[in-house]
Structures are given as structure tokens and as C-alpha cells.
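The chains referred to below are lettered A, B, ... by the order of the sequence lines, with proteins before strands, and numbering in each begins at 1.
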Amino acid sequence: MVLLNLGLTMKSGQTPEFLWNCEEGRFSRLIGGRLCEIWHDGELKFTHGFESRVMELLRKDDDLERIYKRINTDGLMGEAIKNYRGLRITKSDPWETTLSFICSINNNIKRIRKNVQSLTVNGAVMTPEEILNTDISFARLGFRQKFLKKTAEMIIGGHSISEVNKMKYEEAVEHLTKLHGIGDKVANCVLLFGYGFLESFPIDTWIRKIMTENYFDCKKTSDRKIREFAQERWGKYAGYANQYLFCYSRGL
DNA sequence: TCCCAGGTGTCGA
DNA sequence: TCGACACATGGG
């Protein structure tokens with residue numbers, strides 16, 4: 001892994017932004033009760049003993065130059081790649097990602113982080129069992145609380161999410177969206193940031209805006225058409241294209 | 001005060 | 001299949 005913009009990667013609305021703390025360019029969180037730090041000082045550095053975790057988190061095997069070559073299909077994407085060079089898709093724990101993106105529903109990033117952090121104990125997000133058996137109203141999730149509780153209940157009840165990584169993308173979307181409170185958008189975020197399905201293409205307000213303004217005539221283009229277009233155009237790296245467009249659309 | 005946020009479920013046409 | 005609406009909360 002050579003190409004990395006650590007700050008941008010960790011603070012671009014992906015799962016790590018909700019769970020890692022940042023001080024002067026150093027990112028930290030508790031993992032298994034131990035403090036893990038990641039920083040960039042000429043090269044990538046991290047706390048001894050966390051190499052495999054950090055490499056997985058930052059998807060060290062993704063060859064960005066090769067991915068750029070594949071997704072650089074037009075002027076807009078070219079500019080996004082130029083602006084956000086070194087932005088990587090991250091890979092976090094599936095349940096952490098599921099909980100985070102349920103909290104993200106009709107919410108802003110600052111408050112998502114507050115919500116998620118309030119659901120952590122010693123740096124780890126509460127398990128489905130803990131979510132189900134605890135009064136979590138202190139987290140002030142609003143209407144998302146019942147989504148999270150219900151999803152936790154369904155997972156415990158047998159709608160397992162541990163086999164999703166063995167499924168094909170379409171099957172995985174179908175499986176996740178059966179969970180109460182997980183719709184098309186959240187499922188695609190969970191698949192992208194929690195399971196590593198790089199063909200995922202989450203469509204939120206920012207993506208909808210930039211896609212309809214640049215690739216369609218009609219602002220009311222359906223999400224289904226937008227996703228079909230994106231996956232046709234950017235193929236197995238549609239998720240990378242999505243993340244670059246997301247940053248561009250938000251003006252990060 | 002108002003608008004909006006990395007949306008989803010529900011209902012009626 | 002699609003549009004309208006409710007849903008909690010708080011940042012800007």
C-alpha cells in the first residue's frame with residue numbers, strides 16, 4: 001500500500017469516522033481493550049501488534065492506481081480523483097457498520113458520531129444482545145432506536161449476518177434489507193464498508209444530487225436507474241466511484 | 001424560526 | 001411501482 005490520504009480516508013463518512021478519535025492527525029481507538037493508534041509520518045505508522053487489523057481496515061491490497069484507471073471515465077470523476085487522491089474505502093466490522101448506518105438514517109455526520117459513540121463500551125459497540133436488553137434511550141437515537149432494537153432482535157432470532165460475506169451482491173442486499181430499518185441505502189453502505197463489496201453503490205441525498213446533475217437530464221431519476229447506470233459504468237469498483245463522488249458532492 | 005441530515009416503513013392510488 | 005407522509009433530534 002503506497003497511496004493513502006489517511007486523514008481523508010478516516011474522515012469521509014465511512015465507519016471509522018464514527019468510531020475513531022482524531023487528534024493532530026493521529027487516529028486512535030480501543031480494540032480489545034488496547035489502545036490502537038494510526039498516524040502518517042512520511043509513511044504509515046501504527047501501534048505495534050495491530051498490523052493485520054490496520055491493513056484490513058485500510059484495505060492494503062486495493063491498488064488505487066489500477067482502480068483509478070478503471071473508474072476515470074469522465075471529467076467529473078477525473079477531477080474527483082485529482083482532488084481526493086489517496087482516499088481509500090475502509091473495511092470495518094459488519095455489526096459496527098450496521099449499527100453505525102442505522103444511526104445515519106436521516107441524520108448528519110456530527111450527530112451520527114455522537115449517537116454511535118454513546119453506544120460503545122470500552123471502545124466496542126454494544127452487541128445485538130446488549131442493544132436488545134438495555135434501555136438505550138440515553139443515546140437519543142429518536143425514531144432510529146426501534147430500527148436498531150428490531151434489527152438486533154432479528155439477528156439474535158436467527159436472521160444471521162455472519163454468512164453475508166459468502167453471498168453474491170444481489171443476494172446480500174436482499175438479505176440485509178429484510179432487517180427492519182435497513183433499506184437500500186443502508187444495506188449498500190454496510191456491504192461496502194462492512195463486508196467489502198466494492199460494487200456496492202449507496203445512494204443518499206449527496207450522491208443523488210451529483211448523479212442527477214451530471215449524468216441524467218431529470219432530477220427525479222429513480223435510485224434503481226442511478227445504481228444501474230453506476231454499476232454499468234464503474235463495474236466492480238462502483239463503490240470507490242461512489243466515495244469519490246460523495247466527497248466531491250459534499251465539497252470536502 | 002426554519003431547513004436539513006450518508007432514509008425507512010407504510011399507505012393509498 | 002411510485003409519491004406523500006410521519007418519524008426524533010439537533011446542527012447550522
Whole angstrom is fine here: how far is it from CZ in A:F138 over to P in C:dT9?
-> 14 Å

A:I182 near the nucleic acid: base, sugar-phosphate alone, or nothing, with a heavy-atom cut-off under 4.0 Å?
-> sugar-phosphate

Salt bridge (Lys or Arg N to Asp or Glu O under 4.0 Å) assessment of A:R29 paired with A:E96 | CA-CA 13 Å; A:R29 73 170 290 192; A:E96 281 186 353; 2.9 Å; yes

Centroid-centroid under 6.0 Å between A:Y215 and A:W234 rings = yes

Side-chain touch A:I131/A:T151, heavy atoms, less than 4.5 angstrom = no

In residues 183-196 of chain A, which ones come under 4.0 Å of DNA chain B, going by heavy atoms?
-> A:G183, A:D184, A:K185, A:V186, A:F193

Interatomic distance, A:R140 CZ vs C:dT9 P [rounded to whole Å] | 5 Å

Which part of the nucleic acid does A:G181 contact within heavy-atom distance under 4.0 Å: base, sugar-phosphate only, or nothing?
-> sugar-phosphate

Measure the distance from NZ on A:K146 to P on C:dT9 and round it to the nearest whole Å.
-> 11 Å

Give a yes-or-no answer on whether the side chains of A:T97 and A:S92 include a donor-acceptor pair shorter than 3.5 Å.
-> no

Those residues that, when tested against A:R85, pass side chain to side chain contact (heavy atoms under 4.5 Å, CB included) (two or more places apart) = A:L3, A:E65, A:Y68

Non-hydrogen side-chain atoms of A:F246 and A:S12 separated by less than 4.5 Å | no

Taking DNA chain C as the partner, which of residues 82-115 of chain A come within under 4.0 angstrom of it by heavy atom?
-> A:N106, A:N108, A:K110, A:R111, A:K114

Please state how far atom CZ in A:F143 lies from atom C1' in C:dC5, giving the value in whole angstrom units.
-> 13 Å

Can you tell me, in whole Å, how much space there is between the P of C:dA6 and that of B:dG6?
-> 22 Å

Close side-chain approach of A:V54 to A:C36, heavy-atom, < 4.5 Å | yes

Bounds of contact between DNA chain B and chain A, in 5' to 3' order, using a heavy-atom cut-off under 4.0 Å = B:dA5 to B:dG9

Do A:E163 and A:K166 sit within salt-bridge range, that is, some charged N less than 4.0 Å from a carboxylate O?
-> yes

Taken in chain and number order and not counting sequence neighbours, the residues that satisfy salt bridge (Lys or Arg N to Asp or Glu O under 4.0 Å) with A:D63 are none

If you measure from the P atom in C:dG11 to the same atom in B:dT8, how many Å do you get, rounded?
-> 23 Å

Those residues that, when tested against A:D184, pass salt bridge (Lys or Arg N to Asp or Glu O under 4.0 Å) (two or more places apart) | A:R227

Assert: residue with more 5' nearest nucleotide on DNA chain C, out of A:G142 and A:K220, is A:K220

Just call it for A:E17: base, sugar-phosphate, or nothing, with non-hydrogen atoms closer than 4.0 Å on any strand.
-> nothing

May I have the distance from A:F147 (atom CZ) to C:dA6 (atom P), rounded to whole angstrom?
-> 15 Å

Select from A:N242 and A:T177 the residue whose nearest nucleotide in DNA chain B is closer to the 5' end of that strand.
-> A:N242

Distance-only donor-acceptor check, side chains A:R113 and A:N107, under 3.5 Å = no

Report which part of the nucleic acid A:S12 touches: base, sugar-phosphate, or nothing (heavy-atom distance under 4.0 Å, all strands).
-> base

With distance as the sole criterion, is a donor-acceptor pair present between the side chains of A:Y244 and A:N83 under 3.5 Å?
-> no

Rounded to whole angstrom, note down the C1' distance from C:dG10 over to B:dG9.
-> 23 Å

